[in-house]
Structures are given as C-alpha cells and as structure tokens.
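Note that these values count all heavy atoms, side chains included, but never hydrogens, waters or copies made by symmetry. In what follows, every chain begins at residue 1, and chains take the letters A, B, ... in the order their sequences are listed.
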Amino acid sequence: MPELPEVETVRRGLEPAMVGARFRAVEQRRADLRFPLPENFAERLTGERVERLERRAKYLMAWLDGDTVLAMHLGMSGRFTVVHSGAPDRPGAIANVPTGDAAHDHIVFHMSNGATVLYNDVRRFGYMDLIESAQLPDHKLFRDLGVEPLGDELSPEFLAHACRAKQTSLKAALLDQRLIAGLGNIYVCEALYRAKLSPRRGADSLATKAGAPTARTQRLVAAVKDVLDDAIEAGGSSLRDYQQADGSLGYFQHSFAVYGRAGLSCARKSCRGRVQRIVQNGRSTFFCASCQR
DNA sequence: CGGCATACCTGCAAGC
DNA sequence: TGCTTGCAGGTATGCC
C-alpha cells in the first residue's frame with residue numbers, strides 16, 4: 001500500500017524505536033529483496049547510530065553517524081513492525097506481538113534501546129541500500145527524482161512548466177516520479193477527483209495562459225497537497241491505535257473517494273455519475289467521467 | 001530523449 | 001471443491 005502518506009506514517013512510527021539508538025545486531029535472512037543487499041550489510045550497520053530518519057519521495061532514509069545513509073523502499077508489500085518498544089515503560093507503549101508472518105520477515109534490526117524492528121515483505125519488491133552521503137546525488141535511484149509534492153517546489157508554476165510539452169495523459173504525468181516524487185496510483189486518482197479533472201486529459205492542458213498558471217492548474221496542485229495532507233493526518237491518528245494493537249506501522253484502510261470504487265455512485269452530492277475503472281499505461285484508473293473533466 | 005510495455009514475486013479473489 | 005486467471009498500491013529496464 002505504501003505511497004507517500006504511508007511512508008511518512010511509517011517514518012513517524014519508527015522514529016522512537018530507531019532515532020538515537022544504535023544497531024546492536026542486524027539479522028539478514030536472505031541475500032536479496034528486490035536487489036541484492038549490499039555486501040556485508042549487517043556488519044556495516046552494526047554499531048552505527050541513527051542520527052535521524054527522513055523521508056524522500058517513497059524512500060525512508062536513516063542517516064547514520066558515519067556519513068552513510070540506509071535507504072529503504074517498501075515496494076508494494078513492505079511493512080515494518082516494532083516488536084519491542086524502545087520505551088517499554090511509557091504509557092501506550094508498543095505491545096510485544098509478532099507479525100504472524102515470520103516467513104516473510106527478511107530483515108530484523110535489534111536496536112541498542114531494546115527495540116526490535118522487523119522488515120516483512122511478501123512480494124520482495126522492497127529495497128535497502130547503504131549509500132555514502134556524498135554519492136547520494138549521483139545515485140541511480142535518487143538523481144532523477146522530482147520535487148516533493150508537499151514542499152514549496154510543487155507550485156502551479158512548476159507543474160504547468162513541467163507539463164507544457166508532455167505528450168501523455170495527466171494521470172501518467174502525475175505518476176511520473178521524475179516530475180513529482182511520491183505520488184502513486186491511489187493518490188493520483190484521488191487528487192484528480194478532488195480537482196475535478198479527467199485522468200485522460202492531456203498533461204499539456206495545464207499550460208500557462210498569458211504566462212500565469214490557470215485556475216485548473218492551481219486547483220490540481222492544491223488537490224495534490226490536500227489529499228496527501230489528509231492521508232498523513234489520518235495515518236498519524238491511526239498510528240497510535242495501530243501500535244497499541246500489534247506494533248504494525250503502516251497503513252490502515254483509508255477511505256477513498258474513487259479508488260477501488262468502480263461501479264459505485266460518485267461521492268459528490270451534486271453529481272449523479274458513477275465511478276468507472278479504466279486502464280492507462282497498464283495501471284487501473286478510477287474516476288467519475290461526469291464530474292471530472 | 002520521451003513514452004510505453006514488460007518484468008520482478010507472491011497471495012488472493014473471482015470465475016469456471 | 002479445485003483449478004486457472006487476473007489483479008495488486010512499487011520501479012528498473014529495454015524497446016520503439
């Protein structure tokens with residue numbers, strides 16, 4: 001499930017277990033996830049202290065003392081679970097319950113503060129690497145990433161300019177990590193719905209008018225930010241409950257306006273349309289053709 | 001180069 | 001019930 005809001009929710013959940021602590025031991029139960037893990041992965045992590053845990057696009061970035069970054073991507077099915085809290089005496093501390101799916105617990109971090117962090121990934125589309133911070137700008141996976149959607153860089157001016165000559169749909173343009181980094185299939189559908197824009201519209205229809213971004217473009221940028229903000233807020237409020245329950249950090253079932261709702265009536269009271277599912281670039285798109293133009 | 005299909009891997013639900 | 005098929009929110013890769 002992880003798109004930007006879920007990754008941000010996981011980041012916040014992992015922070016108390018990892019930041020400030022050292023890797024006391026690291027269990028690496030297989031040689032690869034999506035890619036081979038780096039040579040001596042466990043050995044290189046052991047003894048390192050986590051300075052801070054950041055998010056870039058859909059990546060979690062643990063900055064280590066030695067100027068190295070542990071980059072983690074959850075792929076499609078990656079999950080973190082904190083089994084032992086780093087702060088067991090705190091009210092509402094994380095319960096000590098395993099995931100129940102040990103077969104896919106591929107990586108285990110044993111932290112110096114007593115926290116144990118499991119990385120579970122059924123499909124193994126996830127990814128971890130150790131990158132020297134100086135190499136980060138040139139790293140294959142990071143050098144082409146576009147702007148953070150929640151930052152000031154994503155403005156109507158930016159989006160209009162980035163899309164001005166695009167020969168593809170608005171849907172595909174918003175999913176392109178080289179333009180905006182962190183949106184995935186769900187939130188692109190949801191943002192287009194909020195902005196009342198058809199996913200089939202050409203991306204170049206966001207072009208500026210007389211040098212200024214159109215109202216349509218402003219609406220879309222606002223919708224992108226709003227939908228992500230709302231999902232993060234919902235994730236944050238669910239996180240506390242989730243941690244108390246079983247330590248899972250992740251995602252809970254958000255309620256979506258269009259995603260996964262093919263055949264149901266449009267959520268807009270003023271609209272009598274139905275949500276439909278189409279396929280664009282091999283991915284499902286959900287939208288209401290009557291209010292999304 | 002841009003745009004697109006394909007592949008990676010496993011589990012699950014739907015359909016026959 | 002059991003088997004097959006299609007589908008899944010990720011991105012790297014290669015082809016045109």
Side-chain angles (χ1 to χ4, degrees), chain A residues 1-10 29-37 55-60 71-80 99-107 119-129 131 138-146 149 161-193 199-204 224 227-228 231-232 234-235 238 248-263 277-287:
Chain A
M1 317 173 51
E3 295 184 34
L4 185 152
E6 290 76 24
V7 177
E8 178 59 26
T9 299
V10 171
R29 298 182 177 171
R30 51 178 303 133
D32 51 55
L33 295 172
R34 175 167 189 185
F35 306 117
L37 287 153
R55 180 193 55 73
R56 168 73 172 115
K58 299 169 193 168
Y59 292 87
L60 288 166
M72 299 172 276
H73 195 292
L74 301 172
M76 300 262 274
S77 58
R79 299 174 153 267
F80 280 100
T99 60
D101 180 27
H104 301 109
D105 288 342
H106 304 307
I107 309 277
Y119 178 71
N120 179 288
D121 189 350
V122 171
R123 292 173 70 183
R124 295 205 313 278
F125 282 8
Y127 165 81
M128 290 191 195
D129 199 4
I131 305 164
D138 300 322
H139 193 281
K140 174 172 69 161
L141 296 182
F142 294 96
R143 68 181 172 216
D144 295 324
L145 284 181
H161 190 257
C163 289
R164 72 194 185 288
K166 282 252 161 246
Q167 293 300 300
T168 192
S169 64
L170 202 43
K171 164 83 186 300
L174 292 177
L175 265 181
D176 188 343
Q177 303 297 300
R178 295 168 303 180
L179 302 185
I180 303 175
L183 291 180
N185 204 32
I186 293 179
Y187 293 106
V188 167
C189 291
E190 295 294 312
L192 287 168
Y193 174 78
R200 295 196 276 218
R201 173 181 278 280
D204 57 1
V224 165
V227 78
L228 296 176
I232 289 171
S238 77
S248 290
L249 297 173
Y251 358 98
F252 70 113
Q253 197 52 54
H254 295 274
S255 58
F256 303 118
V258 282
Y259 188 84
R261 298 178 62 85
R277 174 184 175 273
I278 62 172
V279 175
Q280 292 179 290
N281 303 70
R283 315 282 313 268
S284 292
T285 298
F286 296 89
F287 76 115

Discussion item. Measure CD/A/Q177 against P/C/dT13 and give the value in whole Å, please.
Written reply: 15 Å

Practice prompt. Examine A/F286 together with A/F256 and report whether their ring centres are nearer than 6.0 Å.
Written response: no

Item to complete: Verify the contact: side-chain N or O of A/R123 to OP1 or OP2 of B/dC8, cut-off strictly under 4.0 Å; return yes or no.
Response: no

Discussion item. If I take atom CE in residue A/M76 and atom C1' in nucleotide C/dA8, what distance separates them, rounded to the nearest angstrom?
Written reply: 5 Å

Item to complete: Looking at every strand, decide which applies to A/Y127 at a 4.0 Å heavy-atom threshold: base, sugar-phosphate, or nothing.
Response: nothing

Response to the item:
A/R283 atom CZ is separated from B/dT6 atom C1', nearest whole Å, by 13 Å

Item to complete: Look through every strand shown and name the nucleotide pairing with B/dC12 as Watson-Crick or G-U wobble, where both distances are under 3.5 Å.
Response: C/dG6

Worksheet item: Where each residue is assigned the nucleotide of DNA chain C containing its nearest heavy atom, which of A/L141 and A/G282 is assigned the position nearer the 5′ end?
Response: A/G282

Item to complete: With sequence neighbours excluded, tell me which residues meet salt bridge (charged side-chain N to carboxylate O under 4.0 Å, His left out) with A/R164.
Response: none

Response to the item:
In whole angstroms, the gap separating C1' of C/dT11 from CG of A/L179 amounts to 15 Å

Discussion item. Looking at every non-hydrogen atom in both residues, tell me the closest pair between A/D32 and A/P36 and how far apart they are.
Written reply: CB-CA, 3.6 Å

Discussion item. Minimum heavy-atom separation for A/K171 and A/C189, please, with both atom names.
Written reply: CE-SG, 4.4 Å

Fill in: Value in whole Å for how far the P atom of C/dT11 lies from CD1 of A/I180
13 Å

Item to complete: Give A/Y59 one of three labels, base, sugar-phosphate or nothing, depending on what nucleic acid heavy atoms sit under 4.0 Å from its own.
Response: sugar-phosphate

Fill in: Separation of the P atoms in B/dC9 and C/dC3, to the nearest angstrom
24 Å

Practice prompt. Send over the distance from A/R277 CZ to C/dC7 C1', rounded to a whole Å.
Written response: 8 Å

Worksheet item: Do A/N185 and A/L175 have side chains that get closer than 4.5 Å, going by heavy atoms?
Response: yes

Practice prompt. Look through every strand shown and name the nucleotide pairing with B/dA5 as Watson-Crick or G-U wobble, where both distances are under 3.5 Å.
Written response: C/dT13

Discussion item. Does a side-chain N or O of A/K140 approach OP1 or OP2 of C/dA12 to a distance below 4.0 Å, or not?
Written reply: no

Worksheet item: Should the pair A/R123 and A/F125 be classed as cation-pi, given the thresholds of under 6.0 Å to the six-membered ring centre and 45° from the axis?
Response: yes

Worksheet item: Any side-chain N or O of A/S77 less than 4.0 Å from the OP1 or OP2 oxygen of C/dA8?
Response: no

Worksheet item: Going by ring centres under 5.5 Å and near-parallel planes (under 30°), is A/F125 stacked on B/dC8?
Response: yes

Practice prompt. Rounded to the nearest angstrom, tell me the gap between atom CG in A/L33 and atom P in B/dC8.
Written response: 17 Å

Worksheet item: Out of C/dA8, C/dG9, B/dA5, which has the shortest distance to the side chain of A/S284?
Response: C/dA8

Practice prompt. Return no unless some side-chain N or O of A/H73 is found under 4.0 Å from OP1 or OP2 of C/dT11.
Written response: yes

Discussion item. Heavy-atom count check: over 12 atoms from other residues, nucleotides or ligands less than 6.0 Å from A/H161 NE2?
Written reply: no

Worksheet item: Should we say atom CZ of A/R29 is surrounded by more than 12 heavy atoms from elsewhere, each under 6.0 Å from it?
Response: yes

Discussion item. Does B/dC9 have its OP1 or OP2 closer than 4.0 Å to a side-chain nitrogen or oxygen of A/H104?
Written reply: no

Discussion item. Heavy atoms within less than 4.0 Å of DNA chain B: which residues of residues 161-172 of chain A have one? Give them sorted by number.
Written reply: A/K166, A/Q167, A/T168

Worksheet item: Atom CZ of A/R178 to atom P of C/dA12: distance rounded to whole Å?
Response: 11 Å

Worksheet item: How would you label the contact of A/R34 with the nucleic acid (heavy atoms, under 4.0 Å): base, sugar-phosphate, or nothing?
Response: base

